[in-house]
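Have a look at the structure below, then the notes.
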Amino acid sequence: MTQPNAGAFRALLLAMTSSAAIAACATPPAELEPVDAVVPPSETAETADAPGLARTGVSPQQAGDDYYVAAAADVQSRTAEDFVPRARNVILFVGDGMGVSTITAGRIYAGQQKGLDGESYRLAMESLPYSAFSKTYSHDAQVSDSASTATAMMSGIKTLSRTLGLRSGIAYGNCASVSGQSTDSIFEIAEAAGLSTGIVSTARITHATPAAAYAESADRNWEDDNQLGGTDCKDIARQLVDWEAGDGFEVVLGGGRGAFFPASLTDPETGEAAGGRIDEADLTEVWTAKSDDHVYITDQAGFEAIDFTGETRVLGLFEPSHMQFELDRAEDPAGEPSLAELTTAAITRLSQNEDGYVLLVEAGRIDHAHHGVNAARALGDTAALDDAVQAALDLTDAEDTLIVVTADHSHTLTLAGYPARGNPILGKVAYGPGGLARADDGKPYTTLGYANGETGCAPGEEDCAREDLSDVDTTAKNFQQQALVFQGSETHAGEDVPVYASGPGAELFRGTIEQHEIFHVMGRASGLVSYED
């Protein structure tokens with residue numbers, strides 16, 4: 001199973017990561033309670049070259065949560081006495097599954113792809129002046145999932161794994177337990193303050209990380225009403241188009257249009273059933289009916305036809321499920337935009353609001369490639385995320401825009417074996433010109449491997465032996481790295497992940513922090529959230 005054909009491999013990953021849609025138990029967003037901001041409008045703080053913002057912060061409904069209180073205090077302890085909010089804009093980049101080993105391998109990969117020395121190459125994210133390590137455990141799990149970790153970053157609390165936008169007092173999969181457990185995400189707070197908001201993701205837009213910006217769900221898998229199991233919850237796709245915060249998202253760009261359609265409609269690209277909704281609703285029509293400015297697009301041509309300098313509100317869903325991996329997209333550049341192009345468009349559109357914006361950009365498919373023990377695609381998508389970070393740096397001003405780059409969790413990717421400097425990061429370990437390094441079984445091995453995954457020996461397999469890679473091209477995009485422990489899908493890992501930051505408030509990222517402190521830095525730096533000393 002070292003090199004399955006491309007179609008089989010794509011089907012494998014889609015089957016593994018697209019466990020179809022999902023629904024949610026949501027309650028309408030509570031009215032936010034205005035509180036005297038750190039810098040109230042009548043007392044706008046100024047320095048000689050950097051005025052503070054005239055914003056009234058709010059106290060979100062989760063402000064009494066123990067996790068929220070502790071994280072707010074930790075951030076306060078790192079805040080200078082003369083600190084004032086100056087981040088008019090906030091951009092949060094999330095590399096789903098982009099742990100330290102992925103960044104290290106991604107750095108070498110990106111440099112080698114450019115014909116440079118990969119080991120000394122520096123990613124754009126690594127150029128940001130402030131950094132920290134983020135602890136990624138959830139309320140109930142040592143190694144967490146994307147739903148709970150995204151909720152931590154968006155709402156400033158820790159919660160149960162596999163749940164979205166809710167506090168830890170809920171019961172997984174139980175709608176009745178949602179009452180009194182709601183939160184206000186940084187996006188809901190921004191909309192209430194009159195800012196613009198947007199989401200960009202290469203995953204389904206109803207998937208865990210992007211959904212944490214707008215949805216509340218006792219089960220992250222309730223992406224459409226077909227998955228609700230007869231409950232009266234509201235599914236995640238429906239929550240997106242019915243989102244009541246402010247005047248709604250200005251731009252939503254990603255994959256996952258299948259959650260927005262019934263099977264009675266036909267997908268324009270595949271010619272197959274468009275989705276699986278049982279309410280027979282076309283939710284893209286719900287979006288476009290909101291105003292003449294609301295439009296829906298599905299492909300590169302539609303994307304290129306949009307004037308992102310205008311007032312258009314764009315819902316772009318470019319695939320029935322997740323968007324293509326970058327290595328596959330690059331072979332079909334007319335099919336859908338790159339992550340950097342989507343990011344550029346989103347920033348251009350959101351920048352039309354002089355009051356500022358909050359934007360989430362997720363490279364969601366790093367995670368999916370890792371689950372398939374496919375390092376080539378994971379590193380390709382890591383490089384694509386870094387291109388998007390560079391695009392954001394080029395388009396924004398560090399004086400008024402806080403940029404945060406981090407991961408929700410890690411994966412079990414390892415780098416090992418003493419390869420010579422300059423050895424291809426996707427290649428077999430070689431000490432130098434003398435030839436390949438060999439393990440004690442006499443066979444060569446790759447620099448990159450996984451602690452678990454589907455390429456080990458199956459339980460009960462007789463005469464289990466590691467595959468001989470001598471004549472295998474391990475740099476091919478379909479190659480699946482060998483794994484130590486056999487498992488149908490490689491798992492997340494639990495080590496801390498990096499946080500890189502620049503712009504106003506970035507200095508609050510230092511040391512080892514709790515993941516939900518990211519919300520509090522964003523809220524404090526932007527003046528959107530009130531913190532009384």
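Everything numeric in this text was worked out from a predicted model, so none of it was measured.
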Report the C-alpha distance between Leu166 and Thr151 in whole Å, list the side-chain angles of each, state the deciding distance to 0.1 Å, and finish with yes or no for side-chain contact (heavy atoms from CB on, under 4.5 Å). CA-CA 8 Å; Leu166 297 163; Thr151 298; over 6 Å; no
Verdict with supporting geometry, His370 and His492, ring pair (Phe, Tyr, Trp, His ring centres under 6.0 Å): CA-CA 9 Å; His370 278 322; His492 296 173; 9.8 Å; no
Report the C-alpha distance between Arg257 and Thr298 in whole Å, list the side-chain angles of each, state the deciding distance to 0.1 Å, and finish with yes or no for side-chain contact (heavy atoms from CB on, under 4.5 Å). CA-CA 9 Å; Arg257 60 178 177 260; Thr298 62; 4.2 Å; yes
Could you please spell out the steps behind the salt bridge (Lys or Arg N to Asp or Glu O under 4.0 Å) verdict for Asp247 and Arg313? CA-CA 11 Å; Asp247 61 0; Arg313 292 170 176 263; 2.7 Å; yes
Applying side-chain contact (heavy atoms from CB on, under 4.5 Å) to Val58 and Leu528, what does each step give before you reach the verdict? CA-CA 6 Å; Val58 300; Leu528 290 170; over 6 Å; no
side-chain contact (heavy atoms from CB on, under 4.5 Å) between Asp367 and His409, intermediate numbers included: CA-CA 9 Å; Asp367 173 82; His409 54 74; 3.2 Å; yes
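In the model, Glu362 has a side-chain atom that pairs as donor or acceptor with a side-chain atom of Ser201 under 3.5 Å. In summary, the side chains of Glu216 and Ser182 do present a donor paired with an acceptor at a separation below 3.5 Å, with no hydrogens or angles considered. Inspection of the Ser217 and Asp219 side chains reveals no N or O donor paired with an N or O acceptor under 3.5 Å. For Thr202 and Arg365, the side-chain atoms include no donor-acceptor pair closer than 3.5 Å.
Heavy-atom contacts from other residues, nucleotides or ligands closer than 6.0 Å to CZ of Arg510 number more than 12. Taking a 6.0 Å sphere around CG of Asp397, one finds it holds more than 12 heavy atoms contributed by other residues, nucleotides or ligands. The number of heavy-atom neighbours closer than 6.0 Å to NZ of Lys290, taken from other residues, nucleotides and ligands shown, is above 12.
Tested against Phe308 for a side-chain contact (heavy atoms from CB on, under 4.5 Å), the candidates Thr344, Ile347, Thr348 yield a single pass: Thr348. Each of Ser144, Ser146, Ser148 was scored for a side chain to side chain donor-acceptor pair (under 3.5 Å) with Asp408, with one residue passing: Ser146. Each of Thr163, Asp145, Thr206 was evaluated against Arg220; a single residue qualifies, Asp145, per the side chain to side chain donor-acceptor pair (under 3.5 Å) test. Paired with Tyr137 under the rule side chain to side chain donor-acceptor pair (under 3.5 Å), one option of Gln142, Lys158, Glu514 passes, and it is Glu514.
Remark: Gln239 CD to Trp243 CH2 distance equals 11.5 Å, nearest 0.5 Å. Distance check, rounded to the nearest 0.5 Å: CG of Leu315 to CZ of Phe260 gives 6.0 Å. Interatomic distance, Met323 CE to Leu253 CG, rounded to the nearest 0.5 Å: 8.5 Å. The CG atom of Leu53 sits 9.0 Å away from atom CZ of Arg86, with the distance rounded to the nearest 0.5 Å. Once rounded to the nearest 0.5 Å, the distance linking CG of Asp74 with CD1 of Ile513 reads 9.5 Å. Going from atom CD1 of Ile108 over to atom CG of Leu116 covers 13.0 Å, rounded to the nearest 0.5 Å.
Put simply, the side chain of Thr159 gets close to the backbone of Arg167: a donor and an acceptor are under 3.5 Å apart. No donor-acceptor distance shorter than 3.5 angstrom exists from the side chain of Ser177 to the backbone of Ile170, with no hydrogens or angles considered. A donor-acceptor pair is defined here as one N or O able to donate and one able to accept, closer than 3.5 Å; such a pair exists between the side chain of Asp386 and the backbone of Met125. No donor-acceptor pair under 3.5 Å is formed between the side chain of Glu285 and the backbone N or O of Asp282. Distance alone, capped at 3.5 Å, is enough to place a donor-acceptor pair between the Gln181 side chain and the Gly169 backbone.
Under a 4.0 Å N-O distance rule, the pair Arg107/Glu126 qualifies as a salt bridge.
With sequence neighbours excluded, the residues satisfying salt bridge (charged side-chain N to carboxylate O under 4.0 Å, His left out) with Glu517 are Arg78. Every residue two or more places apart in sequence or in another chain that forms a side chain to side chain donor-acceptor pair (under 3.5 Å) with Asp140 is listed here: Ser138.
Considering only heavy atoms from C-beta on, Ile91 stays 4.5 Å or farther from Leu402 through its side chain. Side-chain contact check for Phe325 versus Asp381: some heavy-atom pair is nearer than 4.5 Å.
Aromatic pair His520/Tyr68: ring centres closer than 6.0 Å.
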Enumerate, atom names and distances included, each donor-acceptor pair closer than 3.5 Å involving a side-chain atom of residues 493-507, sequence neighbours excluded.
residue, atom, partner, partner atom, Å
Glu495, OE2, Ser410, OG, 2.6
Glu507, OE1, Gly505, N, 3.3

